[in-house]
Amino acid sequence: MSLLGGAWIIARKDFLVEVRSREMIYTTLFFAVSCVLVFAFAFVPQGKPIPNAASGVLWVAIAFSGTLALGRAFERERQGETLRALMLAPIERASVYLGKLIALLALMVLTEALLVPIVGLLFHAPLARAPLLLAGLLITGTVGFATVGTLFAAMLVRAQSRDVLLPVVLYPLTIPVIILGVQGTGAIFAAEPNLALAGNALAMLLFFDAVFVTLALWTFAHVMRD
Amino acid sequence: MTAGNRFVPTLLIVSAGMFAAAPYIIDTAPYESTMGLVQRIFYFHVPNAVLMMVMSTVCGIASAIYIARRWPKADYVALAAAELTVVLGVIVLLTGPLWAIKSWGVWWDWEPRLTSTLIMWLVFSSYLLLRRFGGPGSELLAAAVGIFGATLAPFVYWSVNMWRTLHPKTSVLPSLPGPMAGPVIWCAVAFVLLYTAVILLRVRLESTRATLERAFLLLEED
């Protein structure tokens, strides 16, 4: 079976489980929204948001809700004792990783589809200024975050105190991606927009995505072999 | 083994001698006109910063070897290099602001090189946290962190040239005047000898610890 064919089977399995239980989608969306609301209380005094807060709030909410979803994605396999079955599946190891990544990306993009309008509304962010560039930054940033996240969530699944260790490992490694995302979206949202800077951030995010995906595939295949 | 036993003390003695002489060597360098005495931090700050980068790369390569081949020795080297990266990070991040307050007028600035050095320090601290609290099997996980951390290292080096920045460019080093270059090289060699000795000692300690643990497990089985 091809690499992507196997990945699609794993991703479809996750979609199916999710459609039946709706556990992750409800909890992640609810958490993301309440996260933004807390920020709105802090950063929108008297109806006027603090300048340039929108991009930071958006990315922090994405990172937090992403971490929550990541923990859950593999915890479910562990609780259902399906981890061994997943590893014994007659597909390549890289397919398992890619399938999990696709399922997580779908969930995170869905969360962002809800988060972005809410942040735009509460923080007066001009979403329509460069919609394609904004979407590009969000997608490349999410891919960068999720590739590293899926790898470490998968490896941590059997470790002690994994709930604490996932963010401990994940945030330092993904800070460059989050900084670039904040910088790029901030440049779009600013009172004097700088689209060239946002384009630059997008190019560098693409570079990071390529590096992270390559490293993650190699590491996953080697670490998960026993 | 005996050669190895003599090698580390030799390294330590030579580097101690070089450090003892370092103040006199540094004193031969000319006074930098605008920063005066504070510029002398340079002779410790720069070698440590460069070696921090080198150590993170060593950790990355050793981690990759460990993941691919599972040689225990590679894991010990990775651990030693990661610990040293964190220690050097502390030195760099403490001497940097001391210099910055004098030359830029601020302790800290969120410019790319400072930020990325801090990120590297965080990454390798998380490596150590993972090893400490991850339980059995955490060496593999930590090795993955090491690989990812090391790929960030070149990014740290070039970031200064990519963005507009306060921090001096990396092209400063080759263009140093001779009287200043000598002391930098002197200090760099002293630090290299010291840290090589530290790594060798740490690897030996870790491999002894692992042997002891294996012996203990065998004893328990009987």
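In what follows, chains carry the letters A, B, and so on, assigned in the order in which the sequence lines appear, proteins first and then strands, with residues in each chain numbered from 1. Computed from a predicted model, the values in this text were never measured in an experiment.
Scanning all heavy atoms of the two residues, the minimum distance from A:His222 to B:Arg70 falls at O-NH2, 2.8 Å. Pairing each heavy atom of B:Pro136 with each of A:Gln160, the nearest pair is CD-NE2, 3.7 Å.
Within 6.0 Å of CH2 on B:Trp108 lie more than 12 heavy atoms contributed by other residues, nucleotides or ligands. Summarising the local packing, CD of A:Gln79 is surrounded by more than 12 heavy atoms from other residues, nucleotides or ligands at distances under 6.0 Å. Within a 6.0 Å radius of NZ in A:Lys13, more than 12 heavy atoms belonging to other residues, nucleotides or ligands are found.
Ranked by heavy-atom pairs shorter than 4.5 Å toward chain B, the options A:Thr219, A:Ile179, A:Val169, A:Leu215 are led by A:Leu215. Among the candidates B:Thr115, B:Leu129, B:Val145, the residue making the largest number of heavy-atom pairs closer than 4.5 Å to chain A is B:Val145. With chain B as partner, the option from A:Val164, A:Leu156, A:Val211, A:Val148 having the largest number of non-hydrogen pairs under 4.5 angstrom is A:Leu156. Comparing B:Ala68, B:Gly149, B:Ser138 by heavy-atom pairs within less than 4.5 Å of chain A, the highest count is held by B:Ala68.
Contact annotation for B:Ala64: both backbone and side-chain heavy atoms come within less than 4.5 Å of a heavy atom of chain A. Neither the backbone nor the side chain of A:Ala221 comes within less than 4.5 Å of any heavy atom in chain B. When heavy atoms are compared at a cutoff of 4.5 Å, A:Phe220 does not approach chain B at all. Of the two parts of A:Leu151, only the side chain, counted from C-beta on, holds a non-hydrogen atom closer than 4.5 Å to a non-hydrogen atom of chain B.
Taking CD1 of B:Ile67 as the reference point, atom CH2 of A:Trp218 lies at 5.5 Å (rounded to 0.5 Å). Between B:Ile147 atom CD1 and A:Leu173 atom CG the span is 11.5 Å, to the nearest 0.5 Å. The distance from the CG atom of B:Leu141 to the CG atom of A:Leu165 is 8.5 Å, given to the nearest 0.5 Å.
Put simply, the side chain of A:Ser161 gets close to the backbone of B:Phe133: a donor and an acceptor are under 3.5 Å apart.
Residues A:Pro172 and B:Met120 form no side-chain contact, since every pair of their non-hydrogen atoms from C-beta on lies 4.5 Å or further apart.
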